[in-house]
Amino acid sequence: MAALPGLGRALVMAGKLERQAAEDLYLRAQANRTSFIAELTGSGVVSAYDLAHTISAAFAAPLLDLNALDNKQLPKDLLDSKICQDYRLVVLGRRNNRLIVATADPSDSHALEKIKFATQLRVDWVVAEYDKLLKLVLSNAASGTDAIDNIIHEEIEFEEPDADELKQDIDDLRSDIDDAPVVRFLQKMLLEAYSMGASDLHFEPYEHNYRVRFRIDGELREIASPPISIKDKLASRIKVISRMDISEKRVPQDGKMKLKIGPDRVIDFRVSSLPTLFGEKIVIRILDPSIARLGIDALGYAPEEKERLLSAISRPYGMILVTGPTGSGKTVSLYTCLNLLNQPGVNIATAEDPSEINLPGVNQVNINDKAGLTFSAALKSFLRQDPDIIMIGEIRDLETADISIKAAQTGHLLLSTLHTNDAPATLARLRNMGIAPFNIASSVIMITAQRLARRLCPTCKTRIDIPRGALLEAGYEENELNQSWISYRPVGCSNCNNGYKGRVGIYQVMPISEEMQRIILRDGNAMEIAHQAALEGVRTLRQSGLQKVKLGLTSLEEVLAVTNA
């Protein structure tokens with residue numbers, strides 16, 4: 001005997017369906033990989049009208065005739081369109097922390113959990129007739145897909161490459177590259193991403209569909225599902241304006257492009273292509289030079305952390321390392337420091353792969369491994385050009401590390417990054433690369449580990465009482481719980497992204513003290529260095545994040561997600 005879903009049980013109890021018929025329909029739905037309600041209405045056993053009235057009475061949910069609604073007036077941005085299509089839902093509106101959603105099956109627990117997870121809102125179901133609901137959902141999906149043909153042309157243009165910069169004749173591809181709807185769609189996506197504060201755009205082809213996602217505040221959100229037929233045209237358009245080889249589709253490529261908005265406004269983008277099973281995936285990163293000029297206060301350093309960092313960068317020589325995973329804001333932190341140090345009497349040189357932020361007054365070099373311009377080669381050249389301050393995008397190998405150490409020991413301030421979990425582990429990483437303990441102890445003056453946590457929306461965040469045991473387990477001390485402070489949780493409103501808006505940095509700022517140098521010289525491990533750092537008042541990343549919770553800047557669950565205990 002099949003275990004009937006809630007909808008099937010309700011119909012059987014209401015006398016609208018025999019138990020055996022309901023079980024047969026349920027088994028058929030499983031075999032056909034469709035929903036129970038789709039098989040039910042498709043079989044003709046119950047009409048959509050009769051079914052909606054029965055469901056409304058059985059679940060005590062209001063009944064709505066969707067034909068009475070103006071689809072153009074319905075909100076489009078309260079719930080991911082893919083969820084609406086997958087579960088046959090139409091969002092009618094929002095009231096405080098409750099989302100009003102039309103459905104044909106209010107017993108669908110999977111849809112309920114999906115909505116709650118995506119929006120952090122409670123759900124009020126409104127019952128609608130399945131055939132009308134399906135028609136409206138498909139209509140919304142089609143209008144979203146066909147919007148490519150109706151985009152209003154913006155007063156913007158791409159900086160086109162010169163003809164002699166292209167590697168092959170593209171006359172035979174001109175119809176694809178200059179396809180007007182594709183050009184307008186790309187422009188619209190780039191402008192929307194910039195206006196929404198996205199850091200990256202993902203253009204992803206699959207076997208039967210194509211999707212565009214934006215990374216906003218560190219999370220990917222699906223924005224559009226254009227026709228799969230445009231994937232090759234769109235990839236060609238992006239590649240040609242990014243000065244990439246449009247005839248080569250078998251290997252990854254990197255490029256850059258600019259988008260002019262008006263006479264004096266230009267947005268820079270870094271482009272990466274990756275061959276996949278069903279076409280080229282394109283990822284575009286938005287590069288905003290203004291973020292390096294926000295100032296150190298905007299990054300979220302605590303007062304004592306800021307003081308330690310400013311003290312380190314004011315030293316005449318030594319090595320400052322910033323560590324953290326990809327996307328944790330290391331480059332922004334380094335360029336903020338460089339912006340503070342960028343004075344007319346200072347010679348600054350940087351080597352990156354590639355340079356993401358253009359900073360006037362700084363000599364910036366792009367690494368080109370194919371041409372032999374590696375980090376170590378660039379660093380050797382810098383040392384022959386009388387530098388005061390050097391920034392290396394990343395220390396990847398022993399040769400680069402060795403030259404960096406020597407530069408820091410011979411009167412230069414050197415800034416760079418490494419990929420490690422926290423500040424103490426960075427010293428162990430250098431040791432494992434083959435750097436002698438003496439060289440590490442005599443050159444490294446500070447290590448900063450960092451993460452980015454989503455910042456709570458100041459408009460809609462609401463107070464939450466977290467159990468004492470949960471706070472202690474998270475890492476708070478007993479004396480901190482006796483202090484007066486308020487913790488908040490995300491809610492979600494029209495001004496934010498599921499309760500969050502922007503991001504805030506979480507930092508572990510660890511100056512290398514004399515005692516730490518002694519530990520390094522006797523080849524101590526990361527645990528010993530971490531213990532000494534704690535004795536000297538250096539917060540771990542978790543402790544730094546918990547302070548941000550006390551300040552009401554982010555939520556406890558966000559800190560737990562981005563930091564280790």
Side-chain angles (χ1 to χ4, degrees), residues 158-162 164-167 199-201 238-246 248 251-260 266-274 282-293 320-322 324 326-339 341-342 346-397 399-404 407 412-419:
F158 289 102
E159 278 198 355
E160 299 284 358
D162 297 332
D164 57 0
E165 291 182 346
L166 298 179
K167 295 183 179 180
S199 60
D200 302 88
L201 300 85
I238 294 172
K239 289 170 71 175
V240 75
I241 58 179
S242 304
R243 297 169 172 85
M244 295 158 69
D245 186 352
I246 57 177
E248 180 57 78
V251 296
Q253 295 186 63
D254 294 301
K256 277 188 175 183
M257 64 181 180
K258 296 178 181 290
L259 186 64
K260 291 182 179 178
V266 178
I267 307 172
D268 292 319
F269 301 90
R270 191 181 76 193
V271 184
S272 172
S273 72
L274 178 70
I282 307 287
V283 176
I284 300 177
R285 169 156 290 188
I286 300 175
L287 308 177
D288 188 359
S290 63
I291 59 177
R293 301 180 181 89
I320 299 173
L321 297 173
V322 181
T326 302
S328 60
K330 299 188 298 296
T331 301
V332 174
S333 295
L334 287 174
Y335 267 94
T336 301
C337 293
L338 289 180
N339 195 46
L341 298 168
N342 188 16
V346 179
N347 179 18
I348 303 176
T350 73
E352 297 168 87
D353 186 18
S355 296
E356 295 187 2
I357 299 172
N358 180 27
L359 195 59
V362 175
N363 305 290
Q364 296 173 277
V365 174
N366 271 338
I367 295 304
N368 188 338
D369 288 327
K370 291 182 179 178
L373 183 55
T374 61
F375 280 117
S376 58
L379 189 48
K380 289 176 182 176
S381 179
F382 289 166
L383 294 176
R384 293 192 290 269
Q385 297 223 333
D386 187 29
D388 298 301
I389 299 167
I390 299 171
M391 195 270 273
I392 299 296
E394 182 184 351
I395 295 178
R396 296 178 178 175
D397 51 53
E399 185 181 8
T400 304
D402 190 49
I403 302 172
S404 299
H412 306 93
L413 183 65
L414 189 137
L415 292 76
S416 190
T417 70
L418 276 176
H419 289 281

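Since this is a predicted model, take the numbers as computed values, not measurements. One-based numbering along the sequence shown.
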Pair Leu415-Val322, side-chain contact (heavy atoms from CB on, under 4.5 Å): steps then yes or no: CA-CA 8 Å; Leu415 292 76; Val322 181; over 6 Å; no
Derivation of the side-chain contact (heavy atoms from CB on, under 4.5 Å) call for Leu341 and Leu413: CA-CA 11 Å; Leu341 298 168; Leu413 183 65; 4.0 Å; yes
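Atom CZ in Arg270 sits 7.5 Å away from atom CG in Asp254 (nearest 0.5 Å). The distance from the OG atom of Ser376 to the CD1 atom of Ile367 is 8.0 Å, given to the nearest 0.5 Å. Taken to the nearest 0.5 Å, the CG atom of Asp268 stands 11.5 Å off from the OG atom of Ser355. Taken from NZ in Lys380 to OG1 in Thr400, the straight-line distance is 9.0 Å, to the nearest 0.5 Å. For the atom pair Ser404 OG and Glu399 CD, the distance stands at 10.0 Å (nearest 0.5 Å). Considering OG of Ser416 and CZ of Arg396, their distance stands at 10.0 Å, rounded to 0.5 Å.
No donor-acceptor pair under 3.5 Å is formed between the side chain of Asn368 and the backbone N or O of Leu373. Remark: side-chain polar atoms of Thr417 are paired, donor with acceptor, to backbone N or O of Gly393 under 3.5 angstrom. Ser273 contributes a side-chain N or O that, together with a main-chain N or O of Gln253, makes up a donor-acceptor pair within less than 3.5 Å.
In this structure the side chain of Val362 never reaches within 4.5 angstrom of the side chain of Met391, judged on heavy atoms. When side chains are defined from C-beta on, Ile389 counts as touching Val346, because their heavy atoms get closer than 4.5 Å. A 4.5 Å side-chain heavy-atom check between Ile390 and Leu383 finds at least one atom pair inside the cut-off. Side-chain contact between Ile395 and Leu321 is present, with at least one heavy-atom pair separated by less than 4.5 Å. Annotation: side chain of Phe375 is in contact with side chain of Asp353 (closest heavy-atom distance under 4.5 Å). Leu414 has its side chain within reach of Leu379: a pair of non-hydrogen atoms, C-beta onward, lies under 4.5 Å apart. The side-chain heavy atoms of Ile348 and Leu359, taken from C-beta on, include no pair separated by under 4.5 Å. Annotation: side chain of Glu394 is in contact with side chain of His419 (closest heavy-atom distance under 4.5 Å).
Here the closest heavy-atom approach between residue Gly361 and residue Asn342 is recorded as O-OD1, 3.6 Å. Taking each heavy atom of Asp386 and Asn347 in turn, the nearest pair found is O-ND2, 2.7 Å. Residues Leu287 and Phe269 approach most closely at CD1-C, 4.3 Å, considering heavy atoms. Closest approach of Lys239 to Glu248, counting heavy atoms only: NZ-O, 2.8 Å. Heavy atoms only, all atoms of each residue included: Ala351 and Ala378 are closest at CB-CB, 3.9 Å. The nearest pair of heavy atoms linking Ser242 to Met257 is OG-SD, 3.7 Å.
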